[in-house]
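Only one structure is covered here, and it is reproduced in the block below.
Within every chain, numbering begins at 1; the chains are lettered A, B, ... in the order of the sequence lines, protein sequences first and strands thereafter.
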Protein chains: 2
Amino acid sequence: MKLTAPSYLILGMLRLGIRSGYGIKKAADVSTKHFWPMSLAKVYPELASLEDAGLIVRSDDPHGARSRHSYEPTEAGEQALLAWLGSLRDAPPHVRDERLLRLFFADALPRDDQLALLRRLRESDEAAAAWIRQEIVPLAGAAEQAGTRFPVAVARLSADIYSFAARWLADFEAELAAETRSTGNDR
Amino acid sequence: MKLTAPSYLILGMLRLGIRSGYGIKKAADVSTKHFWPMSLAKVYPELASLEDAGLIVRSDDPHGARSRHSYEPTEAGEQALLAWLGSLRDAPPHVRDERLLRLFFADALPRDDQLALLRRLRESDEAAAAWIRQEIVPLAGAAEQAGTRFPVAVARLSADIYSFAARWLADFEAELAAETRSTGNDR
DNA sequence: GGAAGCATGTAAAGTGTTACATGATTTT
DNA sequence: AAAATCATGTAACACTTTACATGCTTCC
């Protein structure tokens, strides 16, 4: 079995004490989603592969009549995670942002629409920053008490980047608006 | 035909005066790659679809004995691009960054490896910022003279974000290093 | 004359998501 | 009692990339 980023995401979540596939998906949605989204349909087959490879062990942990599997990393699983964390080669980040693509081609728009586009972009970055600070940072902050500090650091970094982008866009917006007023040229 | 982001990327590049499929790929690699990577194997079928939909027209433009197709947006193509640029619904950005995933789980590493990881991350962000400023901004800046200002703005925004992230990581690195020295605790 | 770049396209493979299918438990 | 949440898993589909296949032109 070839281990990929989702494999390590799951190994890492298990190491943090999360037990079920459903739990991993939920945790990922409020923590790693911004830089590594993952669907449930990815989690379950990946758990099965990791078990086949001997990196995790499964035990039954039903809740009443509702079935539940409890997974834990094996010694080999822990080692695989550590090896990946310490490995030197970094795959370059992979971003797909339709909003930036719009901005890139915004010269085709009349000035008013350019300003509206910039405003929407800024607002969505502001909303993302606010959401991370309100929903994610407090959760991760709780874990910080237990000596797990990197999740909260990553959440703060993400929020700060969104805020930085929002400020940048606000400045550009102001510059463009000022130009429009002084020249009266809407192109 | 359902138009997707790659369709508009191609329409937008054609509108900027790029003519061939190969040229579109090359231009995308030095401009939109950071927020919308695209392979040649995507470009050619997409051009064919856009032609079938009547949004672009193809003409032959051989260079000696080497065949070349020259594409141009039709009136309908221009309208489709403008409609997309002005449309209100934004698909949320989609990021996959294995480096941040590593950072998120870095609590599992000994302190020295944590610092090394932070340093690598910072250096790769610094390199990305430098690369954009040296390779992309000058190219886009040339177009700015011709009244095309958004490409250079997006390039500067990207570079500034990378620089901001690098500074943030440097601060965190310093904080962690200071702690280590004062406590002598390598965890 | 060779290497790098220009130029077009297809096929296979990989990766991941949405939708489907099912059912128990907890909260309102 | 209904709705939300917990929980597991599969099948079909969508999207993209890597590799393959080919050949001309320009630069060194």
Side-chain angles (χ1 to χ4, degrees), chain A residues 1-10 13-14 18-30 32-52 56 58-71 91-98 101, chain B residues 1-10 13-14 18-30 32-52 56 58-71 91-98 101:
Chain A
M1 170 197 194
K2 200 188 137 201
L3 297 180
T4 60
S7 321
Y8 296 112
L9 172 46
I10 288 176
M13 288 295 183
L14 292 177
I18 293 157
R19 290 280 154 263
S20 71
Y22 184 87
I24 289 171
K25 162 64 173 163
K26 258 203 343 176
D29 278 349
V30 291
T32 54
K33 193 194 193 180
H34 287 92
F35 44 91
W36 205 281
M38 196 176 48
S39 68
L40 260 181
K42 183 80 203 169
V43 173
Y44 290 114
E46 189 69 38
L47 280 169
S49 299
L50 288 169
E51 201 197 354
D52 288 347
I56 60 177
R58 172 164 89 165
S59 50
D60 281 328
D61 179 26
H63 199 233
R66 184 166 61 195
S67 82
R68 183 164 58 179
H69 304 319
S70 182
Y71 295 91
H94 188 284
V95 180
R96 286 219 134 88
D97 192 341
E98 197 171 334
L101 206 53
Chain B
M1 172 198 192
K2 200 188 137 202
L3 297 179
T4 60
S7 321
Y8 297 112
L9 172 46
I10 289 176
M13 289 296 184
L14 292 177
I18 294 156
R19 290 281 154 264
S20 71
Y22 184 87
I24 289 171
K25 161 65 174 164
K26 259 202 343 177
D29 279 349
V30 291
T32 55
K33 193 194 194 182
H34 288 92
F35 44 91
W36 205 282
M38 195 175 49
S39 69
L40 261 181
K42 182 80 203 167
V43 173
Y44 290 114
E46 190 67 40
L47 280 169
S49 300
L50 288 170
E51 201 197 355
D52 288 347
I56 60 178
R58 172 164 90 165
S59 50
D60 281 329
D61 178 26
H63 199 230
R66 184 166 61 195
S67 82
R68 185 165 54 179
H69 304 320
S70 181
Y71 295 91
H94 188 283
V95 181
R96 286 217 135 89
D97 191 343
E98 196 171 335
L101 205 54

Inset, instruction - Report the C-alpha separation of A:M1 and A:E46 in whole Å, then their side-chain angles, then the decisive distance to 0.1 Å, and conclude whether the side chain to side chain contact (heavy atoms under 4.5 Å, CB included) test is met. - result: CA-CA 10 Å; A:M1 170 197 194; A:E46 189 69 38; 3.2 Å; yes
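Atom CD of A:E98 sits about 10.5 Å away from atom CG of B:L9, to the nearest 0.5 Å. Of the inter-residue distances, the one linking A:F35 atom CZ with B:H94 atom NE2 reads 14.0 Å to the nearest 0.5 angstrom. Distance check, rounded to the nearest 0.5 Å: OH of B:Y22 to NE2 of B:H69 gives 15.5 Å.
Under the 4.5 Å side-chain criterion, counting only non-hydrogen atoms from C-beta, B:V43 is in contact with B:M38.
B:I24 places its CD1 atom 15 Å from the P atom of C:dC6, with the value rounded to the nearest Å. In this structure, B:K26 atom NZ and C:dT8 atom P are separated by 12 Å, rounded to whole Å. For the pair A:M1 CE and C:dG14 P, the computed distance is 14 Å after rounding to whole Å.
One end of the helix from C:dG1-D:dC28 to C:dT28-D:dA1 points its axis 50° away from the other end's axis, with each axis taken from 5 pairs and the angle rounded to 10°.
The backbone N or O of A:Y71 lies less than 3.5 Å from no partner atom in the side chain of A:R58, so there is not a single donor-acceptor pair.
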Inset, instruction - Mark up nucleotides 8-20 of chain D, 5' to 3', with B wherever a protein heavy atom is under 4.0 angstrom from a base atom, S wherever such an atom reaches only the sugar-phosphate, and - elsewhere. - result: BBBB----SBB--
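Shortest non-hydrogen contact noted between B:I18 and B:I24 is CG2-N, 3.6 Å. The two residues B:S7 and B:K2 come nearest to each other via the heavy atoms OG-O, 4.5 Å. The minimum heavy-atom distance between B:L40 and B:P45, with the atom names listed, is O-CD, 4.5 Å. Nearest heavy atoms, B:D61 versus B:S70: CB-CB, 3.8 Å.
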Short heteroatom pairs, N/O only, protein and nucleotides 21-26 of chain C, under 3.5 Å:
residue : atom : partner : partner atom : Å
C:dA24  : N3   : A:R66   : NH1          : 3.2
C:dT25  : OP1  : A:A65   : N            : 2.6
C:dT25  : O4'  : A:R66   : NH1          : 3.3

